[in-house]
Amino acid sequence: MGDWSRHFEQAYRVTLPGDLRAWLDGDLWKEPIGAEFCQPLSPETILSPTHAEIWAGFIPPDVLPLIGNDYGDWLCVRIGRDNQ
């Protein structure tokens, strides 16, 4: 288990919901996902995204990608105005 949620909250100045904290800290992102979206990003990648994950102009500035597929589509977390 890691302490990724704390690093994530500090880096992005947000408050994460419990299920996302559990997904990050419990290393659930490492578990195989048997669905179309089957390529979760590692916490290191989320904390230091590259141009391959963040497509300026295609992904709004208040979202961060979490899980991708083989076609460039992403399941994302959206940050609200209250930083949650």
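All values reported here derive from a predicted model rather than from experimental measurement.
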Quiz item: Which residues satisfy the side chain to side chain contact (heavy atoms under 4.5 Å, CB included) test with Pro40, sequence neighbours excluded?
Solution: Trp23, Trp29, Ile33, Ile67
Quiz prompt | Under 3.5 Å donor-acceptor, Asp19 side chain and Ala22 backbone | solution = no
Quiz item: What heavy-atom pair brings Leu24 and Trp4 nearest, and what distance separates the two atoms?
Solution: O-CD1, 3.6 Å
Quiz item: At their closest point, which heavy atom of Pro65 faces which heavy atom of Cys76, and how far apart are they?
Solution: CA-SG, 3.7 Å
Quiz item: Can you list the residues that meet the side chain to side chain donor-acceptor pair (under 3.5 Å) rule with Asp82, with sequence neighbours excluded?
Solution: none
Quiz item: What is the distance from atom CG of Leu66 to atom CD of Gln39, rounded to the nearest 0.5 Å?
Solution: 13.5 Å
Quiz item: Excluding sequence neighbours, so at least two apart, what forms ring-ring contact (aromatic ring centres under 6.0 Å, His included) with Tyr12?
Solution: Phe8
Quiz item: For the residue pair Leu47 and Ala11, what are the closest heavy atoms and their distance?
Solution: CD2-CB, 3.7 Å
Practice problem: Return each pair, listed once, that meets salt bridge (charged side-chain N to carboxylate O under 4.0 Å, His left out) where at least one residue sits in residues 7-17; pairs must be two or more places apart or across chains. | Solution: Glu9-Arg21
Quiz item: Tell me the salt bridge (charged side-chain N to carboxylate O under 4.0 Å, His left out) pairs involving residues 33-49, sequence neighbours left out?
Solution: none
Practice problem: State the CG-SG distance between Asn69 and Cys38, to the nearest 0.5 angstrom. | Solution: 7.5 Å
Self-check item: Interatomic spacing from OG1 in Thr15 to CG in Asn83 - rounded to 0.5 Å
Solution: 7.0 Å
Quiz item: Under the side chain to side chain contact (heavy atoms under 4.5 Å, CB included) test, which residues partner Arg78, sequence neighbours left out?
Solution: Pro60, Asp62, Val63
